[in-house]
Amino acid sequence: MLPTFFGAVAERALNQILKLSPTIGEQLNTVKHRVLVVHIRDWQQQIGLVYTGTQFHVFMGIEDKGDCWVSADFNTLTRLQDPSLLTQLIRQNELDLDGDIHLAQAFSKAFSNMDIDWAEHFSNYLGDAPAQQLFDFMVNTKNQGQKHAGSLRQILTQLCQDELKVTIHPLELVQFTEHTRQLKQQVDSLEQRINALLSTKE
């Protein structure tokens with residue numbers, strides 16, 4: 001029930017953003033009706049996203065991988081506002097992608113180029129001067145919040161890794177992931193050899 005609610009909220013928000021920034025739709029016209037599936041690892045949730053040419057549809061808990069499947073934690077996904085980071089994150093094992101990479105790049109580019117004049121939008125409800133003041137306040141608050149959040153994240157990371165030893169260092173995670181993939185390849189290779197031997201005996 002809760003995922004359905006969040007899906008409806010996300011769909012409505014995306015379609016509202018589409019109205020405020022029509023360039024998003026223009027840039028997604030080449031990939032309309034194609035399904036982008038985003039797996040948010042730390043939420044254990046898969047979300048399907050489709051642009052029909054006029055609106056967005058959001059599908060919570062989708063089970064297949066669609067035309068393109070992207071898997072990462074939430075913080076990594078927020079960095080995809082810069083499309084150039086996509087291949088870099090894949091190389092760093094922070095993001096997995098299966099399917100058409102151009103679909104993921106199209107969505108990333110469309111939202112990174114989003115151009116909404118929030119001050120003008122708010123002025124329809126508040127008037128020009130109050131809307132500009134509200135917009136300036138929101139920008140300053142966001143900047144301050146990002147600054148404090150970055151400092152707090154760094155302190156907590158150092159505390160958990162160095163003092164409390166409750167989390168591993170990112171390099172250790174990369175090494176573990178690489179070793180796991182190598183082990184999986186070796187197991188798959190061994191399984192193929194065993195199957196080949198069994199088939200020759202038959």
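We number each residue from 1, following the sequence as shown.
- Linking ILVMFWY side-chain heavy atoms closer than 4.5 Å, directly or via other members, places V50 and V38 in two distinct hydrophobic clusters.
- V31 and V37 fall into different hydrophobic clusters, where Ile, Leu, Val, Met, Phe, Trp and Tyr residues are linked whenever their side-chain heavy atoms come under 4.5 Å apart, directly or through other members.
- Under the side-chain contact (heavy atoms from CB on, under 4.5 Å) criterion, H57 pairs with E11, T52, Q55, F59, not counting sequence neighbours.
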Inset, instruction - Please test V58 against F6 for side chain to side chain contact (heavy atoms under 4.5 Å, CB included), starting from the C-alpha separation and ending with a verdict. - result: CA-CA 10 Å; V58 176; F6 282 122; over 6 Å; no
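- Side chain of S21 to backbone of I17: no donor-acceptor contact under 3.5 angstrom is found.
- Both Y51 and V70 sit in one connected hydrophobic cluster of ILVMFWY residues. Membership requires side-chain heavy atoms under 4.5 Å apart, directly or through other members.
- Once rounded to the nearest 0.5 Å, the distance linking CD of E94 with CG of L89 reads 5.5 Å.
- In the hydrophobic clustering of ILVMFWY residues, with side-chain heavy atoms under 4.5 Å counting as a link, I40 and I62 come out apart.
- Taking CG of D67 as the start and CG of D100 as the end, the distance is 7.5 Å to the nearest 0.5 Å.
- We find the CD-OG1 distance between Q105 and T87 to be 7.5 Å, quoted to the nearest 0.5 Å.
- For F111, the ring pair (Phe, Tyr, Trp, His ring centres under 6.0 Å) partners at least two apart in sequence or on another chain are F56.
- Summarising the geometry of L86 relative to A104, their closest heavy-atom pair is CD2-CB, 4.1 Å, with the distance given to 0.1 Å.
- How far CG of L85 is from CD of Q92: 8.5 Å, rounded to the nearest 0.5 Å.
- The number of heavy atoms from other shown groups lying within 6.0 Å of CZ (R12) does not exceed 12.
- Closest approach of R41 to N93, counting heavy atoms only: NH1-O, 4.5 Å.
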Inset, instruction - Determine, stepwise, if the pair E63 / Q46 fulfils side chain to side chain contact (heavy atoms under 4.5 Å, CB included). - result: CA-CA 7 Å; E63 294 184 1; Q46 286 206 158; 5.6 Å; no
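- With sequence neighbours left out, the salt bridge (Lys or Arg N to Asp or Glu O under 4.0 Å) criterion links D42 to no other residue.
- Cluster annotation: W69 is not connected to L36 through the hydrophobic network of ILVMFWY side chains, with a link wherever side-chain heavy atoms come within less than 4.5 Å.
- The backbone N or O of G61 sits less than 3.5 Å from a side-chain atom of Q45, completing a donor-acceptor pair.
- Interatomic distance, L28 CG to T23 OG1, rounded to the nearest 0.5 Å: 9.5 Å.
- With respect to L49, the side-chain contact (heavy atoms from CB on, under 4.5 Å) criterion is satisfied by exactly one of L14, L103, V35: L14.
- Classification of R79 and D73 as a salt-bridged pair fails, no side-chain N sitting under 4.0 Å from a carboxylate O.
- To the nearest 0.5 Å, atoms CZ (R34) and SG (C68) are separated by 8.5 Å.
- Taking every heavy atom of both residues into account, S71 and H39 meet most closely at OG-ND1, 2.8 Å.
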